[in-house]
Trainee: 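One structure coming up, written as structure tokens, with questions to follow.
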Amino acid sequence: MRSIFPSAAVTARKYALVSSLRAQGFGIGSLDTAQPGANDLFLVAEGEPVAYPARTVVIGSEGRSVTPSRSGAPARIGFAADDTAVGNGFARALIGGPDMPTAADPESLALLALAERVAAADITVLINGPTGTGKEVLARAIHNGSPRKAGPFIAINCAALPESMLEAMLFGHQKGAFTGASSGGEGFFRAANGGTILLDEIAEMPLTLQAKLLRVLQEREVVPLGATVPQPIDVRVIACANRDLQGEVAAGRFRADLYYRLAVFPLTTKSLAERPQDIPALAATMILRHAGNRNVIPWPSRAAIEALMLHDWPGNVRELENVIQRALLFCGGDTIEASHILFDRPVTMTFAPRPAPVVAPIAEPLVAVAETPAEPQTDTLGTIVQMSEFAAIRETLKACGGSRIETARRLGISERTLRYRLAKAREQGEDFARVMSA
């Protein structure tokens, strides 16, 4: 990973940023003690001289703005102290690129630090965690931080390959090994020679094939389908699972000996809801990733970040990326507002009970009357969810020029479902007639 050389002014004014970059694995250099390399980057404060524009990020302490490096000009970012969470995320993405792992939560930073140490050791790694939590991103980071980084990185989804072809695709096959095999194939393991192979959703691999994979891990050789002579391989194996493999072993769906071969060094990714401090940094990274060639990169408002933080994220980081792409679609200016944040389903929150209304006494004001407990508002959550749903439909209809067809497509529902929702809204007194056209 390239090193970063911050100026004394940046270190003093944005110490939290420099510390965060160091925690994420960036080398922090000093011009007093080291000579920058050809790929190293420089952080300078607004107003300081820029010696290498294409490799410099200019950091200001006012406003809310971010500009990637274009046509050899330096990248620029400005943010005040109360925008540090988002600002540090933008800065990290400008420095490391939008495809590098992003972390701000202490547990996520600890996981990245552990992955960096694992990368240096050429051992098999098992990454467990819910779907959409960045297991493949972590696997790529391990590969890119390892001595094998110049070799291939091949990711295979074991659940996506047809079971009848999985062995041939993994280990290769000879010509005529099966019907339709008009030529030989080297297979993914031999294609990854000298690099890393990622076996995603390893729990979906059939038991019969698990035994053959175990031999590959033990002997470091593969026998192509139809062949009798094993072929040596030099591959690092990283496996990912979204189910508890120990539980799968206990249930007889996964071989215990293969589990222990894979779990030489187990790592675990957590759901996004369990690492809320990552959300602003991830949002900033994804905004930069999907903003395209916009002249102005939108900055999320505090209300927008609050809306993101309140969501429970059942789809984890993948769901967050969908939400950010929608927000960029609806945002036409320099700020992503809370109204631009549309979820796959409304946020689940706990609401405080409504205060009882103050009613003037109608008789006997001097006689003490025992208070009657207010009836619980059993429909409060349902009402809030319904209001959120109607607001999302209204905003999307406006953005689509009133087209029901396009609105249904963007919301990911059928036109029939949209018609049902509109009819339900009319029953509740909502009027969408002004924004509908088709």
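Along the sequence shown, residues are numbered consecutively beginning with 1.
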Trainee: Using the test salt bridge (charged side-chain N to carboxylate O under 4.0 Å, His left out), find all partners of E337 that sit at least two apart in sequence or belong to another chain.
Mentor: none

Trainee: Write out all pairs satisfying side chain to side chain donor-acceptor pair (under 3.5 Å) with one or both partners inside residues 113-123, taking only residues at least two apart or from two chains.
Mentor: D122-R148

Trainee: Is T285 reaching over with its side chain to a backbone N or O of A281, donor-acceptor style, under 3.5 angstrom?
Mentor: yes

Trainee: Can you name the closest pair of heavy atoms from P276 and M309 and give their distance?
Mentor: O-SD, 3.4 Å

Trainee: Grab the two heavy atoms, one from G132 and one from N316, that are nearest each other, plus how far apart they are.
Mentor: O-CB, 3.2 Å

Trainee: With side chains defined as the heavy atoms from C-beta onward, is the minimum distance between I341 and L310 less than 4.5 Å?
Mentor: no

Trainee: Within the 4.5 Å heavy-atom criterion, are I142 and F265 side-chain neighbours or not?
Mentor: no

Trainee: Could you pull out all residues at least two apart from E136 that satisfy side chain to side chain donor-acceptor pair (under 3.5 Å)?
Mentor: R140

Trainee: May I have the step-by-step check of side chain to side chain contact (heavy atoms under 4.5 Å, CB included) for V57 and L41, ending in yes or no?
Mentor: CA-CA 8 Å; V57 179; L41 296 176; 5.6 Å; no

Trainee: If you look only at pairs with a residue in residues 322-334, which of them pass as a side chain to side chain donor-acceptor pair (under 3.5 Å), with sequence neighbours excluded?
Mentor: R326-D344

Trainee: Show every side chain to side chain donor-acceptor pair (under 3.5 Å) that has at least one partner inside residues 194-204, sequence neighbours left out.
Mentor: H143-T196, N157-E201, E204-R243

Trainee: Taking atom CG of L272 and atom CG of L320, what is their separation to the nearest 0.5 Å?
Mentor: 6.0 Å

Trainee: For I156, which of I202, L198, L170 qualifies under side chain to side chain contact (heavy atoms under 4.5 Å, CB included)?
Mentor: L170

Trainee: I'd like to check I297 versus I287 (side-chain heavy atoms, cut-off strictly below 4.5 Å). Are they in contact?
Mentor: yes

Trainee: Which heavy atom of P49 sits nearest to which heavy atom of V44, and what is that distance?
Mentor: O-CG1, 4.1 Å

Trainee: Do K14 and L21 pass the side chain to side chain contact (heavy atoms under 4.5 Å, CB included) test, and can you show the C-alpha distance, the side-chain angles, and the key distance before you say yes or no?
Mentor: CA-CA 11 Å; K14 300 291 184 182; L21 293 172; over 6 Å; no

Trainee: Could you tell me whether the side chain of D278 and the main chain of D105 form a donor-acceptor pair under 3.5 Å?
Mentor: yes

Trainee: Using only atom types and a distance under 3.5 Å, with no angle test, would you say the side chain of Q210 pairs donor to acceptor with the backbone of R255?
Mentor: yes

Trainee: Quick one: does L199's side chain get under 4.5 Å of L213's, heavy atoms only?
Mentor: yes

Trainee: Will you find, in the side chains of T131 and N242, an N or O donor that is under 3.5 Å from an N or O acceptor?
Mentor: yes

Trainee: Identify, with sequence neighbours excluded, every residue that meets side chain to side chain donor-acceptor pair (under 3.5 Å) alongside S339.
Mentor: none

Trainee: Can any side-chain N or O of N193 pair as donor or acceptor with the backbone N or O of D234 at less than 3.5 Å?
Mentor: yes

Trainee: Does C400 offer a backbone N or O that forms a donor-acceptor pair with the side chain of S403 under 3.5 Å?
Mentor: no

Trainee: L282 versus I324: any side-chain heavy-atom pair under 4.5 Å?
Mentor: no

Trainee: Test side chain to side chain contact (heavy atoms under 4.5 Å, CB included) on V118 and I238; report intermediate values, then the result.
Mentor: CA-CA 11 Å; V118 171; I238 301 178; over 6 Å; no

Trainee: Identify all side-chain donor-acceptor contacts of residues 77-89 below 3.5 Å with residues at least two apart in sequence or on another chain.
Mentor:
{"from": "D82", "atom 1": "OD1", "to": "R302", "atom 2": "NH2", "distance (Å)": "3.3"}
{"from": "D82", "atom 1": "OD2", "to": "R302", "atom 2": "NH2", "distance (Å)": "2.6"}
{"from": "D83", "atom 1": "OD2", "to": "R64", "atom 2": "NE", "distance (Å)": "2.9"}
{"from": "T84", "atom 1": "OG1", "to": "A81", "atom 2": "O", "distance (Å)": "2.6"}

Trainee: Measure from the side-chain N and O atoms of R220 to the backbone N and O of V235, and report whether any donor-acceptor pair falls under 3.5 Å.
Mentor: yes

Trainee: Do M100 and Q24 come close enough that some side-chain heavy atom pair is under 4.5 Å?
Mentor: no

Trainee: Which residue pairs satisfy the ring-ring contact (aromatic ring centres under 6.0 Å, His included) criterion with at least one member in residues 266-302, sequence neighbours excluded?
Mentor: F90-W299

Trainee: If you measure from NE2 on H340 to SG on C331, what distance do you get to the nearest 0.5 Å?
Mentor: 5.5 Å

Trainee: How many angstroms lie between CD1 in I336 and OG in S301, if you round to the nearest 0.5 Å?
Mentor: 8.5 Å

Trainee: Under 3.5 Å, is there a donor-acceptor pair between the side chain of R92 and the main chain of T102?
Mentor: no

Trainee: Kindly give the heavy-atom pair with the smallest separation between L138 and A115, and that separation in Å.
Mentor: CD1-CB, 3.7 Å

Trainee: Calculate, to the nearest 0.5 Å, the distance between atoms OG1 and CG belonging to T56 and L94 respectively.
Mentor: 12.5 Å

Trainee: Whether the side chain of K135 engages the backbone of T269 through a donor-acceptor N/O pair (distance < 3.5 Å, no angle test) should be reported.
Mentor: no

Trainee: Going by side chain to side chain donor-acceptor pair (under 3.5 Å), name the pairs with one or both residues in residues 67-81, residues two or more places apart or in two chains.
Mentor: E46-R76

Trainee: Tell me, do L209 and F171 make a side-chain contact under 4.5 Å, heavy atoms counted?
Mentor: yes

Trainee: Would you say the side-chain atoms of N144 pair up with the backbone N or O of K149, donor to acceptor, closer than 3.5 Å?
Mentor: no

Trainee: For R236 and I123, indicate whether the former's side chain and the latter's backbone hold a donor-acceptor pair under 3.5 Å.
Mentor: yes

Trainee: What residues form a ring pair (Phe, Tyr, Trp, His ring centres under 6.0 Å) with W313, not counting sequence neighbours?
Mentor: H311, F343

Trainee: Among pairs that include at least one residue of residues 50-77, which meet ring-ring contact (aromatic ring centres under 6.0 Å, His included), considering only residues two or more places apart or in two chains?
Mentor: F42-Y52

Trainee: Does any non-hydrogen side-chain atom of I305 lie less than 4.5 Å from one of I279?
Mentor: no

Trainee: Can you measure from CG (L161) to CE (M169) and round to the nearest 0.5 angstrom?
Mentor: 5.0 Å

Trainee: Please report the shortest heavy-atom distance between L17 and A91, naming the atom on each side.
Mentor: CD1-CB, 3.7 Å

Trainee: What do the steps show when you test K270 against T133 for side chain to side chain contact (heavy atoms under 4.5 Å, CB included), and what is the final call?
Mentor: CA-CA 7 Å; K270 291 194 171 185; T133 52; over 6 Å; no

Trainee: Go through the structure and list residues passing side chain to side chain donor-acceptor pair (under 3.5 Å) with Q218, not counting sequence neighbours.
Mentor: none

Trainee: What is the minimum heavy-atom distance between R13 and S61, and which atoms define it?
Mentor: CD-OG, 4.2 Å

Trainee: Kindly compute the distance separating CG (L258) from CD (E248), expressed to the nearest 0.5 Å.
Mentor: 12.5 Å

